[in-house]
*Asks:* 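Sharing a structure here in structure tokens format.
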Amino acid sequence: MTGRFWLFKTDPEDFSLDDLKKSAAQTTGWSGVRNYQARNFLRDEIKTGDEVFFYHSSSDSPSVVAVCEIVKEGYADETQFIKTDLHFDPKAKPENPVWFQVDIKLIKELDNPVSLQKMKENKKLKDLLLLKRGNRLSVMPINENERNEILLMSES
DNA sequence: GCCAACGTTGGC
DNA sequence: GCCAACGTTGGC
């Protein structure tokens, strides 16, 4: 069974690959996403077994650094209900959640991180959503060819 | 630290 | 429904 492919951005100051490695079962809930387009992917389209590239933004060399897998698909993001949480949303009610999350598990750290710069230089990735001007989506789909190309780049 | 690009908010 | 103001993202 082959699922779809996704790329999740994270600011390593908030949650890094090292944090994921230290997590129980190397699994973490991807909570805190507060963008409607990303929310729709998390709620409706991302399925258990789908593959995810784990991307560090806002670092010295923004890069894809690992491959993960969805181990639990869309469910209500608890942080929206917690008043003291940074991601609290007063509009959200437990019977009518606004924000959703999935759980991801680390599968493999890439042998060589694939930097944003290298992806920009690769003509085969010219349509990669990540490279579109001003793209701020933190959860985005990528296609199989792009996924294969990025994996290939990580091998050398 | 800067700033362009973008999403959201709120007045009208 | 428009759009200016504002806050945030994220590359550099």
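Quick note on labels: first sequence line is chain A, next is B, and so on, each numbered from 1.
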*Asks:* Each nucleotide N or O in nucleotides 10-12 of chain C that has a protein N or O under 3.5 Å away: list the pair and distance.
*Replies:*
from, atom 1, to, atom 2, distance (Å)
C:dG10, OP1, A:Lys9, NZ, 2.9
C:dG10, OP1, A:Arg136, O, 3.3
C:dG11, OP1, A:Tyr55, OH, 2.9
C:dG11, OP2, A:Ser58, N, 2.9
C:dC12, OP1, A:Lys120, NZ, 2.5

*Asks:* For A:Glu45, is the CD atom crowded, meaning more than 12 foreign heavy atoms sit under 6.0 Å from it?
*Replies:*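 Counting other residues, nucleotides and ligands, CD of A:Glu45 exceeds 12 neighbours.
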*Asks:* Let me know the distance between OH of A:Tyr36 and C1' of B:dT9, rounded to the nearest Å.
*Replies:* 11 Å
*Asks:* How many whole angstroms separate atom NZ of A:Lys91 from atom C1' of B:dT8?
*Replies:* 9 Å
*Asks:* Could you check whether any side-chain N or O of A:His87 sits under 3.5 Å from a backbone N or O of A:Arg34, counting only pairs where one atom can act as donor and the other as acceptor?
*Replies:*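 No: the side chain of A:His87 does not pair with the backbone of A:Arg34.
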*Asks:* Once the angle between the rings of A:Tyr36 and A:Trp99 is folded into 0 to 90°, is it parallel (under 30°), tilted (30 to 60°) or perpendicular (over 60°)?
*Replies:*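 Judged by the thresholds at 30° and 60°, the geometry between A:Tyr36 and A:Trp99 is tilted.
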*Asks:* C:dG7 P sits how many Å from A:Asp89 CG, rounded?
*Replies:* 18 Å
*Asks:* Could you give the side-chain donor-acceptor pairs of residues 142-153 of chain A under 3.5 Å, partners two or more places apart or in another chain?
*Replies:*
from, atom 1, to, atom 2, distance (Å)
A:Asn143, OD1, A:Asn145, N, 3.0
A:Asn143, OD1, A:Glu146, N, 2.8
A:Glu146, OE1, A:Asn143, N, 2.9
A:Arg147, NE, A:Glu51, OE2, 2.7
A:Arg147, NH2, A:Glu51, OE1, 2.9
A:Arg147, NH2, A:Glu51, OE2, 3.4
A:Asn148, ND2, A:Glu144, O, 3.4
A:Glu149, OE2, A:Asn122, ND2, 2.9

*Asks:* With clusters defined by side-chain heavy atoms of hydrophobic residues (ILVMFWY) lying less than 4.5 Å apart, directly or transitively, does A:Val33 cluster with A:Leu129?
*Replies:*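 Yes, because A:Leu129 and A:Val33 connect within a single hydrophobic cluster, where side-chain heavy atoms sit under 4.5 Å apart.
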*Asks:* When you measure from the side-chain N and O atoms of A:Arg133 to the phosphate of B:dA5, is any distance below 4.0 Å, counting only OP1 and OP2?
*Replies:* yes
*Asks:* Can you confirm if the aromatic rings of A:Phe54 and A:Trp6 lie within a centre distance of less than 6.0 Å?
*Replies:* no
